[in-house]
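Worksheet: one structure, shown below.
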Amino acid sequence: MIRCDFTSKLFFLLDSCKSIHQIKQVHAQLITTGLIVHPIPTNKLLKLISSSRFAPISYAHMVFDHCPQPDLFLYNTIIKALALSTTSSADSFTRFRSLIREERLVPNQYSFAFVFKGCGNGVGVLEGEQVRVHAVKLGLENNLFVMNALIGMYVNLGFVVDARKVFDWSPNRDMYSWNIMLSGYARLGKMDEARQLFDEMPERDVVSWTTMISGCLQVGHFMEALDIFHNMLENGASPNEYTLASALAACANLVALDQGRWMHVYIKKNDIQMNERLLAGLIDMYAKCGELEFASKLFKSERQLKRKVWPWNAMVGGFAMHGKSKEAIEVFEQMKRERVSPNKVTFVALLNACSHGNRVEEGKCYFESMASHYGLEPELEHYGCLVDLLGRAGRLKEAEEIISNMPLTPDVVIWGALLSGCKIHKDVEMGERIGKIVKELDPNHLGCHVLLANIYSLTGNWNEARTLREKIAVSGKKKTPGCSSVELNGTFHQFLIGDRSHPQTKQLYLFLDEMAAKLKISGYIPESGEVLLDIDDNEDRETALLKHSEKLAIAFGLMNTAPGTPIRIVKNLRVCGDCHLAIKFISKVYDREIVVRDRIRYHHFKDGTCSCNDYW
Ligand code: ZN
Ligand code: ZN
């Protein structure tokens with residue numbers, strides 16, 4: 001028998017272990033007292049090791065292997081530990097097999113649930129299905145716990161149809177079953193199926209609502225994400241920090257400051273605990289809505305929430321998108337001093353900052369430090385940033401060399417970055433060459449073809465330009481129509497190119513004419529070089545440019561807001577050169593700050609200049 005008082009002391013010690021060193025001390029006590037042969041203390045030790053951040057999984061294996069007669073509980077503990085580990089989930093299946101074959105123990109619902117978890121974490125679907133056969137044999141196929149784990153396994157591996165079959169057959173379902181199925185659809189971006197299931201749910205909790213909101217976010221349905229968020233509140237459900245972080249991201253993408261601010265107030269009013277993720281969401285939202293100073297103030301004021309990387313990333317990214325490379329670099333250097341480890345997202349933001357600030361040498365150094373200092377292998381996105389950095393600076397040859405020597409296969413985005421460098425620096429020879437590569441890689445890449453056509457136009461090769469444009473038209477690629485929206489008092493107003501559907505159309509077009517006249521007086525000359533193909537040739541190009549959706553949305557914003565109010569626009573396509581120029585003039589003539597989020601990036605216009613420094 002185990003001596004009770006001594007055992008309980010050891011148990012107490014086990015519970016209070018704070019480091020691997022302390023765990024090992026108690027482990028030694030268990031060995032010297034002989035208690036280690038008993039499954040209960042061993043199980044407790046094993047649980048502690050597997051839940052501890054400090055102990056390696058090999059330690060758990062060793063403790064388990066030294067137990068002379070492991071019982072089912074011990075097996076379940078090791079299977080669970082392995083299933084949840086990022087590196088050894090495969091071993092959970094091996095241990096499960098030896099539980100049955102070598103020990104001849106009968107697995108219970110927990111054994112199945114844990115091994116299914118392991119299978120979903122990377123062991124594989126075939127092994128999972130072998131396990132499933134055992135569950136059926138033992139009559140556990142209708143056990144709620146086991147079924148949920150099986151659905152979870154299929155969902156994790158992306159087999160959403162199989163997951164649905166199990167879900168549909170299952171006679172018992174609880175909230176968890178519905179939520180896991182819902183997340184299966186949402187993760188794959190199958191939002192129609194998710195919506196259907198969501199509507200069928202007998203009841204919903206905060207996880208169900210959050211899954212829907214983040215699913216919409218992932219597929220770019222930002223307005224729908226906000227609609228669901230408001231629905232959630234109307235239904236009396238309380239959002240948590242994950243819900244709010246997703247809803248804030250939707251606001252950031254819609255440049256919807258009014259709603260974003262409302263959420264900030266909601267967080268304060270409802271005493272929702274601020275954490276790093278939520279803080280990052282707020283900083284990102286304010287920065288993207290053009291409130292960079294406020295974002296920076298918020299970042300500085302939350303001294304306690306700087307241990308994790310997210311708020312830092314949001315702040316570096318915020319400065320980068322506003323072209324404030326010096327400030328972005330300062331934040332990164334401060335991050336280094338405070339010993340917060342950067343991740344891959346940090347470097348995308350940092351390299352972008354260098355790119356927009358024309359800081360070539362610093363950018364190159366940071367790029368190299370990724371692998372040498374932080375053990376982060378640069379990915380395609382980082383190479384894209386580096387090529388962009390060199391391309392903008394006119395170091396086209398060097399950029400091309402980087403592409404030729406990189407260990408990953410360059411994609412169309414990277415070549416496209418070089419191509420836009422060729423456009424900026426009017427290098428027709430290289431532009432043509434790179435253009436051909438792009439054409440081969442992706443014959444339908446409209447963006448790059450237009451870029452190449454524009455290179456020809458800029459250098460006066462009208463024939464080449466026309467031939468290419470005709471080709472683009474013939475290839476049957478219909479351009480997505482430009483669409484811009486503006487938020488007024490929490491409501492979105494959308495405009496298409498040449499739109500006449502809005503109730504205020506008449507006033508709007510009168511205002512546009514007046515605006516065109518004012519801009520002309522101030523020195524604005526329409527840039528027609530980039531007017532794209534789908535504009536009818538008979539139409540006056542200047543008029544066509546005037547009707548671009550972002551100009552309509554801005555005019556509408558100017559008409560309906562008090563002088564001095566900033567205007568925020570979202571556009572689904574890249575803003576054209578003429579609109580960019582016109583908006584710069586508008587910001588000066590009307591003395592307004594204008595934030596435009598286009599498909600590529602954020603532009604913050606103020607006093608006749610743009611945060612992108614005309615590179616975008
Ligand atoms: Zn335009
Ligand atoms: Zn810009």
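In listed order, ligands and their atoms are each counted from 1. In this chain, residues are counted from 1 in sequence order.
Angle subtended at the Zn ion (ligand 1) by His548 ND1 and Cys576 SG: 110°, rounded to 10 degrees. With the Zn ion (ligand 2) as vertex, Cys610 SG and Cys612 SG subtend 110°, rounded to 10°. Around the Zn ion (ligand 2), the angle linking His603 (ND1) with His580 (NE2) is 110°, rounded to 10 degrees.
Within the 2.8 Å limit, Cys579 places at least one N, O or S atom next to the Zn ion (ligand 1).
A donor-acceptor pair shorter than 3.5 Å cannot be found between the side chains of Ser355 and Asn352.
Salt-bridge formation is not detected for the pair Glu400/Lys397: no Lys NZ or Arg NE/NH1/NH2 atom is positioned less than 4.0 Å from an Asp or Glu carboxylate oxygen. In summary, Glu361 and Arg395 engage in a salt bridge, as defined by a charged side-chain N under 4.0 Å from a carboxylate O.
Atom NE2 of His230 has more than 12 neighbouring heavy atoms from other residues, nucleotides or ligands inside a 6.0 Å radius.
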